There are 2 protein chains.
Amino acid sequence: MPQAGIETRVAGLPLDGRAAAPESHFDRQLARLLKHAAHIFCEKGYEGASMRDLSRASGMSLAGLYHYFESKEELLYLIQKHAFQTIMDQARERLAGSADPEERVRIFIENHLEYFLANKEAMSVLTHEDETLRNGRRGEIRAIKREYYRICFDLLEDLRRARGLEFSGRLAVLSLFGMINWIYTWHNPRVDAGAKQLAEQMGDIFLGGLMNQGNHKRNKRVKA
Amino acid sequence: MPQAGIETRVAGLPLDGRAAAPESHFDRQLARLLKHAAHIFCEKGYEGASMRDLSRASGMSLAGLYHYFESKEELLYLIQKHAFQTIMDQARERLAGSADPEERVRIFIENHLEYFLANKEAMSVLTHEDETLRNGRRGEIRAIKREYYRICFDLLEDLRRARGLEFSGRLAVLSLFGMINWIYTWHNPRVDAGAKQLAEQMGDIFLGGLMNQGNHKRNKRVKA
DNA sequence: ATACTTACCGAACGAACGTTCGCTAAACTC
DNA sequence: GAGTTTAGCGAACGTTCGTTCGGTAAGTAT
């Protein structure tokens, strides 16, 4: 009997380019398959991609793939979970280095864009296939998403309190996520700036907007 | 022989809720099918949706559907083309009513959000299935997209000139589109504000950010 | 040397897919 | 009222899909 149960082995941290090198043959192979799968899902979409595509791209037989995971859906789940977990851990780590509310928001933005552009395929799959998983696996990913959202929300609330601003936290978070997630539809490394510069410019737009509440004309200011 | 050639009849403007009432039986039925199809594509994604789903939802036989369009892909094309064409025509019409650069940007944002929320399913399909069409049909939709993008870009350039601002037009357009397109992933009419209020708040964030260039600390201002 | 586990593979299964064929009946045209 | 077009259907075609079955051959443990 093969391994790869419901938990697909406690999953040492595979893939990710610069992550801690996976130790066993199993982990190394799984990481390789996940990378190919992320590429294919990114290109053709989850539903449009086939296990035969993955077989062809990875050079492993169709049946052999199932030694490493139990279904196509678990494949998507593993890609999304790893990407989300990693970007969040990295955000927490970097945020620990600053106490200034504005700077912390900028750190969050920069971390998001940096990880996104360095892991474009996995992050595109995470972003685009947001409604694809079902039941338990969907729930697990949504829980991580809420956690990540919460981190950002709290950062903005801190800023709001520190500067005595008035804005809807929910709308601010979702506007910000819109700006920074949308890059997967347009970013071209040959013409667009890198993560650091994009983070600064988007940070300027977003934070400038939030903090510039003594606006211009119009604005029958709606209260909260 | 049925009709419905490559152009699927010159297509009087069907569907859209409040659009001019379609005249013929053919147009009325096609509009009804497009509405059901938009709903299904929105829920299950283009690849995940089947013609049998549409048959079930519309009450028409599987074979009967092909009297109204030639393929599943054309179905997607018709949904996207109509939505894009309509939102753009409506934007042009509303923009004709103002000459003030800032107000014109706000009109663009409000029009986009209003049409989006009033035609959520078609607009979600337009936004989410951006890479799905192939060849000629893909090219046609991309051409409309470039046109729409161009309108927004020019609005921002006008504002930039009028106020003597410095920012990357491309990044500004794409950040704005990120903010306003992202709503399809989160907007819930039971908890979130309507289009007018969202447009005002997003307009405040975005325009406040662009026009607040004499920022705060940091910013080793990168030049243009 | 033997037993067990790991790491695969070729072939197939049943279901679902988009599309087409051949047909009917009603609705207009002249 | 004969002829043509429009609107639609049941049944099937050929393909592709995710997954599984039954096997092999190389490690690893004892």
Side-chain angles (χ1 to χ4, degrees), chain A residues 1-6 8-12 14 22-34 36-37 40-41 44-78 129 132-135 137, chain B residues 1-6 8-12 14 22-34 36-37 40-41 44-78 129 132-135 137:
Chain A
M1 196 211 288
Q3 41 181 237
I6 256 180
T8 300
R9 230 190 211 183
V10 189
E23 52 290 336
S24 69
H25 174 76
F26 183 91
D27 289 343
R28 245 177 300 120
Q29 280 285 67
L30 177 55
R32 195 175 67 87
L33 292 176
L34 290 180
H36 282 297
I40 294 164
F41 286 166
K44 319 178 71 161
Y46 174 79
E47 299 285 357
S50 77
M51 298 304 283
R52 284 162 181 86
D53 291 333
L54 179 56
S55 166
R56 204 172 310 116
S58 64
M60 186 175 291
S61 76
L62 189 56
L65 297 175
Y66 286 85
H67 182 61
Y68 291 96
F69 44 82
E70 61 175 19
S71 68
K72 187 186 180 188
E73 203 200 0
E74 193 192 20
L75 203 47
L76 177 60
Y77 165 79
L78 290 173
E129 306 292 350
T132 306
L133 292 176
R134 312 267 83 145
N135 308 323
R137 285 194 266 254
Chain B
M1 198 211 286
Q3 39 181 241
I6 256 179
T8 303
R9 232 191 209 181
V10 189
E23 53 291 337
S24 69
H25 173 77
F26 183 91
D27 289 342
R28 245 178 300 121
Q29 282 283 69
L30 177 56
R32 197 175 67 86
L33 292 176
L34 291 179
H36 283 296
I40 293 164
F41 287 166
K44 320 177 71 162
Y46 173 78
E47 298 285 359
S50 77
M51 299 304 281
R52 283 160 181 89
D53 290 335
L54 179 56
S55 167
R56 205 173 310 117
S58 65
M60 185 174 290
S61 75
L62 189 55
L65 297 175
Y66 286 85
H67 181 61
Y68 291 96
F69 42 82
E70 60 174 21
S71 67
K72 187 186 179 188
E73 204 199 0
E74 193 192 22
L75 203 47
L76 177 60
Y77 165 78
L78 290 173
E129 306 293 349
T132 306
L133 292 176
R134 312 267 81 142
N135 308 324
R137 285 194 267 255

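Please read all numbers here as calculations on a predicted model, not as lab measurements. What's counted below: heavy atoms across the whole structure, side chains too, no hydrogens, waters or symmetry copies. Naming convention: chains lettered A, B, ... in sequence-line order (proteins, then strands); numbering from 1 in each chain.
- Scanning all heavy atoms of the two residues, the minimum distance from B:Ser55 to B:Ser61 falls at OG-C, 3.7 Å.
- Atom CD of A:Glu74 and atom C1' of D:dT19 are 14 Å apart (whole Å).
- Under 4.0 angstrom from either OP1 or OP2 of C:dC8 there lies at least one side-chain N or O belonging to A:Gln29.
- Taking atom NZ on A:Lys72 and atom P on C:dA15, their separation rounds to 19 Å, with Å as the unit.
- In this structure, the side chain of A:Lys72 engages the main chain of A:Ala49 through a donor-acceptor pair within 3.5 Å.
- In this structure, the CZ atom of A:Arg56 is 10 Å from the P atom of D:dT16, given to the nearest Å.
- Scanning residues 57-65 of chain A for heavy-atom distances under 4.0 Å to DNA chain D yields A:Leu62, A:Ala63.
- As a whole-Å value, the separation of B:Arg28 CZ from D:dA7 P is 10 Å.
- Interatomic distance, OH of A:Tyr68 versus CG of A:Leu78, reported as 14.0 Å (0.5 Å rounding).
- Remark: P of D:dT19 and OH of A:Tyr68 are 18 Å apart, rounded to the nearest angstrom.
- The separation between A:Phe26 atom CZ and C:dT5 atom P is 16 Å, rounded to whole Å.
- Taking atom CG on B:Asp27 and atom P on D:dT6, their separation rounds to 13 Å, with Å as the unit.
- Contacts between residues 44-54 of chain A and DNA chain C, defined by a heavy-atom separation below 4.0 Å, involve A:Arg52, listed by number.
- For C:dA27, the OP1/OP2 oxygens have no side-chain nitrogen or oxygen of B:His25 closer than 4.0 Å.
- The side chain of A:Tyr66 places no N or O atom within less than 4.0 Å of a non-bridging phosphate oxygen (OP1 or OP2) of D:dC21.
- Within the 4.0 Å cut-off from OP1 or OP2 of C:dC8, not a single side-chain nitrogen or oxygen of A:His67 is found.
- Atom CD in A:Gln29 sits 4.5 Å away from atom CE in A:Met60 (nearest 0.5 Å).
- Axis orientation changes by 10° from one end of the helix from C:dA1-D:dT30 to C:dC30-D:dG1 to the other, with each end axis drawn from 5 pairs and the value rounded to 10°.
- Between the CG atom in B:Leu33 and the CG atom in B:Leu54 there is a gap of 6.0 Å [rounded to 0.5 Å].
- Without hydrogens or angle criteria, A:Glu129 side chain to A:Tyr46 main chain gives a donor-acceptor distance under 3.5 Å.
- Side-chain contact between A:Leu65 and A:Leu75 is absent, with no heavy atoms from C-beta onward closer than 4.5 Å.
- Electrostatic pairing of A:Arg137 and A:Glu70 counts as a salt bridge here, judged by a charged N lying under 4.0 Å from a carboxylate O.
- Atom OG1 in A:Thr132 sits 11.5 Å away from atom CD in B:Glu47 (nearest 0.5 Å).
- For the atom pair CZ (A:Arg52) and CG (A:Leu62), the distance works out to 5.0 Å, reported to the nearest 0.5 Å.
- Note that the CG atom of A:Asp53 and the OG atom of A:Ser58 stand 10.5 Å from one another [nearest 0.5 Å].
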